[in-house]
There are 2 protein chains.
Amino acid sequence: MKKTEINSIEIARLAGVSRSTVSRVINNYTNVPPATREKVMRVIEAYNYYPNLSAQVLAGKKTRTIGLFLIDAGHVSSDMLTNMLIVNVIEHASALGYYVLTNIIRNPSDSDTCRSVKEIFYQRRIDGGVFIGAANHEPLIEDLIAEGFVAAVVDQELPGHDEPNRITANYDNQTGMELAVNYLADLHHTSIGILNGDMKRLSGRTKYEGFQHAMKQRGLAVREQWAIPGDFHKESGYQAMTRLLEQSELPTAIVAANDSIAFGAIRAMKERGLQVPGDLSIIGFDDHALSSMHQPALTTIKVDFPAMLQQLTTTLIQTIENGTITREPIVAGSTLIIRQSCSPITPK
Amino acid sequence: MKKTEINSIEIARLAGVSRSTVSRVINNYTNVPPATREKVMRVIEAYNYYPNLSAQVLAGKKTRTIGLFLIDAGHVSSDMLTNMLIVNVIEHASALGYYVLTNIIRNPSDSDTCRSVKEIFYQRRIDGGVFIGAANHEPLIEDLIAEGFVAAVVDQELPGHDEPNRITANYDNQTGMELAVNYLADLHHTSIGILNGDMKRLSGRTKYEGFQHAMKQRGLAVREQWAIPGDFHKESGYQAMTRLLEQSELPTAIVAANDSIAFGAIRAMKERGLQVPGDLSIIGFDDHALSSMHQPALTTIKVDFPAMLQQLTTTLIQTIENGTITREPIVAGSTLIIRQSCSPITPK
DNA sequence: CTGAAAGCGCTTACAG
DNA sequence: CTGAAAGCGCTTACAG
């Protein structure tokens, strides 16, 4: 049986003070003499008293909870990257005394889904939210920001939209692509293709733009028929590679917009008896947890998610607590991780 | 800028009714005539009104939030299984209109950690919690249950402790071990060892007991020096196998208390130039997401986590809403998944 | 069918 | 330094 709750007035009575004073010691007001604080703390501890959160929030305190919204059609549970993202946000929030309410959004365009996400904010269930996997312009997020809720969104860039309650973090895809293309070019590849990601997402676009830019820098031609569209999932990589392989003339190397795409693409090759990197070199993006144990181990552009998420979460919480703060751009760095999926071309 | 909140009294004014009536339509009371409901709903929708959660909770409603507590010293972020567990709980809770607050507990014995977990319950931040990865007898959980909070714990069996606010789910390790041992015995193995899991956890114990029982059933001897202690992690598997290999006489097959242990054990073998299953057959437990792509693909006892978690989450929520309910035991089924890590012995 | 009112448990000006 | 009191936004007996 649940014991009847003890509340602040009971604590006050027991300590021989008023509720005001109990509240003051709980909230660490400075104008409470040590002796009084002592006395009150003793009964608080003795009775295992913790202030009721709803009452505190109703009286004006924060909920100290943030929402984590993972937008993904249906791969969330199977992708290891997701787990790392979730755990990262939780641990960084936790370090600042915040809790996280994790939500999975299958389809941000569905009106019921939209309603229920908005409800979480309007209900004041959370103080703010972080969004991962959204399109660059996502109406749901824009609505929330217009309403004044604070949102931290990963992989977004909306020129002119620098509301104080919008926090964004980005990937440095320009540098990433330079790293990838230069590595391939240094291996003497000149025929390089790309398996693109979802173009509705900022990264889909900036990766392709970065690719074009990096190719140009090295004086290499981008062949449109070697730029295959897709989304960021394995199945898409499989299909993209299948399409690519139907062509009469093939590139000697491919950059995949992420590692999942590369996994799918390599499977498509294996099924046709093709070798990586023997027949085609492939480089991915992310450094997915599976990449190092993949066969062949995947050469990739590692993205520093943990550092980015830490900054994003921290900035979100600071904004919640202090309102607008001066903010520096948050960007995830890229590094080249050389493994086994790329090999040099011997010029004929 | 955040707009000033609209509240129920404002809605009432706009709809020309009292707050009581607004509340009645929101809470779907039956005694509201359709016309009145209509009228109120229209202004609720027009103004995008959602009742303030804290006020509702303070007035006696549930928070509709459950806590998910993952207890693990430091492997949470790297283990794919975790991700599946988290996503499963979230989706099942979500289907019932509940949210989940995910927490990572590094060390349940640490007093600060304990305090902060308890605080979540006492604060009434959640209506109940699910615990995964705890020792069979975990003081923190026992305290919470003693206080009357409802807790759903995975992998627990405490005879005599059938409080109405305790919900447990278990693994059918007896059957699982029979499956594993019989499979190995059918392959003509008679010298079978075991790499044990954490004995503080119920599964650690029941797996070993199940192993002993299954061996006996097949008339096979359990050799104590082939039962290596460990916990449920990869590193432990590596060390256990290293220890095993130091022995002069070796088994021909090994059952690992889970797949992670098997991965570590296989790595230890590879480093010594030993083959799986050539030199030693290994079977794991769980059917970890990596098992099928492991080299060699791991033969394992698949555990039906999704079904178990669904039942557990559903039962937890029903208990929260309806108090005690008649409950059936929740147990996760086991199936043998044959892949490449075990081979038959040719009797000499 | 519906409104007035009490109550949920806190915090924070306000006054002293 | 400290208490009395108002207020946060809801829900739910109670009375009609």
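Remember, predicted model here, so these are calculated numbers, not experimental data. Proteins get letters first, then strands, A, B, ... in listed order; numbering begins at 1 in each.
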Which pairs with one or both residues in residues 85-112 of chain A pass ring-ring contact (aromatic ring centres under 6.0 Å, His included), sequence neighbours excluded? none

Of all pairs that satisfy ring-ring contact (aromatic ring centres under 6.0 Å, His included), the ones with a partner from residues 9-38 of chain A, not counting sequence neighbours: none

Listed by chain and number, what are the side-chain hydrogen bond (donor to acceptor under 3.5 Å, both in side chains) partners of Arg166(B), not counting sequence neighbours? Glu142(B), Gln156(B), His161(B), Glu163(B)

Using a strict heavy-atom distance below 4.0 Å, which residues from residues 18-39 of chain A are in contact with DNA chain C? Arg19(A), Ser20(A), Ser23(A), Arg24(A), Asn27(A), Tyr29(A)

Tell me which donor-acceptor pairs under 3.5 Å the side chains of residues 39-55 of chain B have, and how far apart each pair is, sequence neighbours excluded?
{"unit_1": "Arg42(B)", "atom_1": "NH1", "unit_2": "Glu38(B)", "atom_2": "OE1", "d": "3.4"}
{"unit_1": "Asn52(B)", "atom_1": "OD1", "unit_2": "Ser54(B)", "atom_2": "N", "d": "2.8"}
{"unit_1": "Asn52(B)", "atom_1": "OD1", "unit_2": "Ala55(B)", "atom_2": "N", "d": "3.0"}

Just by distance, no angles: are the side chains of Thr63(A) and Asp127(A) close enough, under 3.5 Å, to form a donor-acceptor pair? yes

Of all the heavy-atom pairs spanning Pro306(B) and Asn88(B), show the shortest one and how long it is. CA-OD1, 3.6 Å

Plane angle bin for Phe149(A) and Tyr122(A) - parallel if under 30°, tilted between 30 and 60°, otherwise perpendicular: perpendicular

Not counting sequence neighbours, which residues clear salt bridge (Lys or Arg N to Asp or Glu O under 4.0 Å) with Arg125(B)? List them please. none

By salt bridge (Lys or Arg N to Asp or Glu O under 4.0 Å) - contacts of Asp110(A) (at least two apart): none

Starting from Watson-Crick (N1-N3 plus N6-O4 or O6-N4) and G-U wobble pairs under 3.5 Å, report the runs of at least three that DNA chain D belongs to. C:1-3 with D:14-16, C:5-12 with D:5-12, C:14-16 with D:1-3

Using salt bridge (Lys or Arg N to Asp or Glu O under 4.0 Å) as the criterion, list what pairs up with Arg13(A), not counting sequence neighbours. Glu10(A)

Output all residues satisfying salt bridge (Lys or Arg N to Asp or Glu O under 4.0 Å) with Lys200(B), sequence neighbours left out; order by chain, then residue number. Asp198(B)

Going 5' to 3' along DNA chain D, which are the first and last nucleotides with any atom under 4.0 Å from a heavy atom of chain B? dG9(D) to dA13(D)

Expected output is a numbered-order residue list: members of residues 47-62 of chain A with a heavy atom under 4.0 Å from any atom of DNA chain D. What is it? Leu58(A), Ala59(A)

Of all heavy-atom pairs between Ala135(B) and Arg201(B), which one has the smallest distance, and what is that distance? CA-CG, 4.0 Å

